Amino acid sequence: MLLDTTVVPSSCLLSDVIPGVFTCDGRALFIRHDTSEIDFSFAMQQRIMPFHVEPRNIVDDDPQKRISAEAAILNSRVHYYGRLTASSDMLLSPPNHVIPLNEELYVYSPLGTAFKVPDGDSASKNPSIVTIFAIWNTMMGTSILSIPWGIKQSGFTLGILILILTGLLMLYCCYIVIKSPKAIPNEDTSSWEFPDVCRFYFGKTGQWSSLLFSMVSLIGAMVVYWVLMSNFLYNTGQGIQSKSQSIFSLDSVTAVVFVLCGSLGSEVRLFSDYVGNSSDPGAFEHYWSKTRTVPLYLIVLLLPLLCFRSASFFARFTFFGTISVVYLIVLVTIKAVRLGFHLEFHWLDTSQFFVPEFRQFFPNFTGILTLAFFIHNCIITLMKSNKNQDNNVRDLSVAYLLVGLTYLYVGVLIFAAFPSPPLYKDCIEPNFLDNFPSSDVLVFVARFLLLFQMITVYPLLGYLVRVQIMGQLFGNHYPSFLHILILNIFIVGTGVAMAMFYPNIGSIIRYSGAICGLALVFLFPALVHMMSLRQDGRLSWPSAFFHSFLIVLGLANVIAQVFM
């Protein structure tokens, strides 16, 4: 692969670091001798070629490092592999243990000196800690608001068990996705994503099916965002209106008021230091309704943003996601300290204020968790930026552990601190922030942060939908403004309709999570893994049974949502 030649294979790409240098399969290098733009003047004089020099073979530490005879042996060996066959044939190309990594490459001169080759990708590589928190930040989304409701639907004990088991299953399926490109022989899979793997094994059917279910997850997330943005904008307006009537006072910071049940709209005052009383809504409620008007107001702001040709501007605000999640954790902690724990264990029967530990509505929680732990459609991209690829499995496991602990922390504290009596545990809302009034300052700040975050993330999700759909249909991410406008009107219209007629984010999350999880979490990863093992002759009956059982679980998860 490290050849003294001017013929550059089609698999090689021109480096943007050193003119005239080509990278092949992300590892090997070529230098064209007919170039006149190589930055190293010494290379121009000596007709240098790329070469690997192990640290023990560097004789001197001077800028022009001398190399030993052992290094020259490797040069001959690599030349031998390269001349066995044409460069387009992968079967007789140098094996990986012969070709060094990018960070181990030196430029070699026949006179016996070597220069370190700067790695153009080194700046984009992240250490493990950055990769772990990037996965954590990407996975943390709106599902965290529904975790307490899911625990209530399952029962406290069963909910904790389901969260742990679902997280482990999702981690294993994610591990399969990461390993799937590397299991394909005789193919350059360095730039492949999971849809490319599906296309390799299942043809066009696999490619379009993975695209379809990826769209379900993305558009489902956008619908949830529209419902939540309508909710947060409505409550933000309510809080500002309360302040204008001198009801939004500092006393409400120490007071904790829970909505008894959203359907009843009644409140219970838990502390006597609360100051304030409800006012006559008048015309304000007529023009500021959570389901009738506010979802329509968002169209004026978000539809033009979706039509931007590039979403790079909004990507600068993604750090607000981390801020919002951290603030939610702090908010939950403060509320739990203020309220204390209210738990009674009734294993099968329902009491007046508490739910049993095991409930038949647990599939609601499995649907939510499928989306809450879902990162399978972008995990390969995230892991490519990891500096040490050998740590991918470990870093992925640590990231899933952090995500699971975050969900457990928020879900358990909100459920345990929910004051029963006088309130019923069954009154925990699908969005637990709805159990707090608009006049609560801490919750007001949380809603405002989440609203701003979602306004910036929503165009990014729309951009991903546009790129995948338009790229597959027209081969162009922005075929015309009319095409983009029609697509965005459909997406926005879906969100508005759900926010006006079915604003239950718990149900929306569990349906979209179960549907996209069936294909991208359970079906395709399990099938790809079994087909890969079968091609290698390593597929055993226990493995086939277990991975078939994963597919059955994904299908049962979808069916169960219909009957809950």
Side-chain angles (χ1 to χ4, degrees), residues 139 141-173 217 220 224 261-262 342-374 400 403-418 420 423-432 434-435 502 504-523 546 549-564:
M139 212 181 305
T142 56
S143 301
I144 192 173
L145 299 175
S146 297
I147 297 298
W149 179 76
I151 292 180
K152 182 259 296 186
Q153 292 293 94
S154 304
F156 184 67
T157 301
L158 182 59
I160 294 176
L161 294 176
I162 288 177
L163 194 152
I164 296 173
L165 292 176
T166 304
L168 291 175
L169 286 177
M170 298 285 286
L171 170 61
Y172 176 72
C173 294
S217 65
V224 172
C261 275
H342 302 265
L343 289 174
E344 284 187 12
F345 293 93
H346 302 269
W347 297 104
L348 297 176
D349 58 319
T350 302
S351 66
Q352 181 179 3
F353 297 103
F354 298 91
V355 297
E357 300 303 302
F358 299 90
R359 304 185 74 184
Q360 69 272 26
F361 304 112
F362 69 89
N364 291 347
F365 198 27
T366 59
I368 291 174
L369 290 175
T370 307
L371 193 62
F373 285 110
F374 180 70
Y400 260 85
V403 171
L405 290 177
T406 304
Y407 288 151
L408 272 177
Y409 186 83
V410 173
V412 168
L413 281 191
I414 288 294
F415 181 88
F418 197 85
S420 303
L423 306 181
Y424 303 93
K425 293 288 188 184
D426 242 340
C427 289
I428 297 178
E429 296 289 334
N431 172 9
F432 76 84
D434 285 346
N435 288 114
Y502 192 72
N504 188 325
I505 67 163
S507 295
I508 300 174
I509 290 175
R510 66 185 179 91
Y511 276 114
S512 59
I515 293 173
C516 75
L518 169 62
L520 300 180
V521 176
F522 297 108
L523 179 62
F546 175 73
F549 178 68
L550 289 180
I551 299 175
V552 173
L553 280 181
L555 182 61
N557 190 28
V558 175
I559 297 175
Q561 307 307 317
V562 180
F563 299 99
M564 290 295 109

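What you are looking at is a predicted structure, and each value in this text was computed from that prediction instead of being measured.
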Sub-3.5 Å donor-acceptor pair from the side chain of [X] to the main-chain atoms of [Y], do we have one?
X      : Y      : answer
Arg510 : Thr366 : no
Tyr407 : Ala372 : yes
Thr157 : Glu357 : no

From [atom1] ([X]) to [atom2] ([Y]), nearest 0.5 Å:
X      : Y      : atom1 : atom2 : result
Gln360 : Phe563 : CD    : CZ    : 15.0 Å
Leu169 : Ile164 : CG    : CD1   : 12.5 Å
Ile509 : Ile505 : CD1   : CD1   : 4.5 Å
Ile151 : Leu413 : CD1   : CG    : 9.5 Å

Under a 4.5 Å cut-off applied to non-hydrogen side-chain atoms, are [X] and [Y] in contact?
X      : Y      : value
Val552 : Phe522 : no
Ile368 : Trp149 : yes
Leu369 : Ile147 : yes
Phe418 : Cys427 : yes
Phe345 : Phe156 : yes
Phe374 : Ser217 : yes
Tyr511 : Val558 : no
Val355 : Gln153 : no

Partner residues of Ala560 under the side-chain contact (heavy atoms from CB on, under 4.5 Å) criterion, sequence neighbours left out: Pro363
Heavy-atom pair of closest approach, residues [X] and [Y]:
X      : Y      : answer
Lys152 : Arg359 : O-NH1, 2.9 Å
Cys516 : Leu371 : SG-CD1, 4.2 Å
Glu429 : Asn435 : N-OD1, 2.9 Å
Leu163 : Gly404 : CD2-O, 3.9 Å
Phe365 : Ser154 : CB-OG, 3.1 Å

Those residues that, when tested against Phe546, pass ring-ring contact (aromatic ring centres under 6.0 Å, His included) (two or more places apart): Tyr172
Would you say OH of Tyr502 has more than 12 non-hydrogen atoms from neighbouring residues, nucleotides or ligands within 6.0 angstrom? yes
Would you kindly say whether Asn557 and Thr370 are connected by a side-chain donor-acceptor distance under 3.5 Å? yes
Suppose we screen for salt bridge (Lys or Arg N to Asp or Glu O under 4.0 Å). Which residues come up paired with Lys425, at least two apart in sequence or across chains? none
Any idea how Phe373 and Tyr400 line up, ring-wise: parallel (<30°), tilted (30 to 60°), or perpendicular (>60°)? parallel
